[in-house]
Amino acid sequence: MIVNIDQNLCTGCGFCGDICPRHIMETITQNDEKNVIVSPERSHLCMKCGHCAAVCPSSCIKVNGLKSEDFIPFKESGIHSDQLLSLFSQRRSIRRYKNKRISRDKIQQIVEAAHRAPTGTASRSTGIIVIDNPQILSIFSEHVYKIYEDLEKSLKNPIARFFIKRQIGKNKFMALLDFVMPGMKWYIHWYKQGKSNEILRDCPALMLFHSPIFEPMGAENCLVSAFHAIMMAQVEGIGTCFNDLIPPACNMAPETRKLLDLPEDREVYASITMGYSKYRFKQMPQRKLAEFRYID
Ligand SMILES: Cc1cc2nc3c(=O)[nH]c(=O)nc-3n(C[C@H](O)[C@H](O)[C@H](O)COP(=O)(O)O)c2cc1C
């Protein structure tokens, strides 16, 4: 059984069944006594989110695969909403970094935030790779530029263009042609001249988020996790920037996959460059999304 209830301790309060997204626990009344049972019809639907065990007042629930050490006592965050808004407002995408390494203690703290991200289907299958070794970052850069140089050549070939469009879909293909590659032409040029590295931005650390290919929410999980990391980095005084150019380059060439030790069944779906910002922002933009409304 995936969820076990210690019937000697259970008071029949029913909190577990109510909070469960799939009502796997059911309260039944037998001889005027309330008993909570695991529904035989739905037990296999358990997502192992652990909400049932986390709310149980008598700590009588065990979810297979979740040890009691996996739970820590709930503590109020003490963060005021204005403080959180201020943190969000201060975050900018940092593309120019100081030549200063980030301590692994800080990276660890950033990874801790990423670990706490929610995951679709509660699969928790996201993995994180950090590259903070300058030599490896430099080798990795070579790989990434080689891939984009090859892509530039391929896009000149109508047959290759057809297959690339079919593989990535029309919208991404148009963005590749109209937005990515016109800039890439210059990135490659500057990189070859030794002028700048506009893909990795000479970041002292790169964080890659990967997921199994067959994970239905893999890409979304990676993005959410990356955003957790970004906000922790902000608190730690470290600037970050999402980077959409890096994930496809991680997945394509076997030698890059080997460098990253990326298992065959996984792909990188999100990446963030990180480091201490070279510049200080004096002003923050007042941002609004396109729309916000109620339907009354
Ligand atoms: C999903 C996503 C992907 C992004 N990809 C890139 C990227 O590949 N390269 C880059 O320089 N910035 C990238 N950005 C950063 C955006 O360009 C940036 O958030 C936007 O310009 C607003 O600036 P701000 O983050 O400083 O507020 C990305 C942002 C998001 C949310």
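In this text, all values refer to a predicted model and were calculated from it rather than measured experimentally. Ligands are counted one by one from 1 in listed order, and the atoms in each one are counted from 1 as well. Nothing fancy with the numbering, it's 1 onward along the sequence. Below, all heavy atoms of this structure are taken into account, side chains as well, without hydrogens, waters or symmetry copies.
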Of the side chain and backbone of R201, name the one, both, or neither that has a heavy atom under 4.0 Å from an atom of ligand 1.
side chain
Determine whether the side chain, the backbone, both or neither of P285 has a heavy atom under 4.0 Å from any heavy atom of ligand 1.
neither
Distance to 0.1 Å, residue and atom name: give those for the protein heavy atom nearest to [atom].
atom: atom 3 (C) of ligand 1; result: D244 OD2, 3.3 Å
atom: atom 1 (C) of ligand 1; result: L223 CD2, 4.4 Å
atom: atom 18 (C) of ligand 1; result: S93 OG, 3.3 Å

Could you go step by step and tell me if R116 and E112 meet the salt bridge (Lys or Arg N to Asp or Glu O under 4.0 Å) rule?
CA-CA 7 Å; R116 283 159 174 75; E112 287 302 327; 3.0 Å; yes
Would you say the side-chain atoms of T273 pair up with the backbone N or O of L200, donor to acceptor, closer than 3.5 Å?
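Checked: no pair found.
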Whether K106 side chain and E236 backbone form a donor-acceptor pair below 3.5 Å
yes
With respect to atom 29 (C) of ligand 1, which of F242, F281, F88, F227 exhibits the smallest heavy-atom separation?
F242
Which residue from R91, R287, R95 reaches closest to atom 23 (O) of ligand 1 through any of its heavy atoms?
R287
Is it true that E149 and K192 make a salt bridge, defined as a side-chain N closer than 4.0 Å to a carboxylate O?
yes
Salt bridge between R96 and E198, side-chain N to carboxylate O under 4.0 Å?
yes
Close side-chain approach of L176 to L151, heavy-atom, < 4.5 Å:
yes
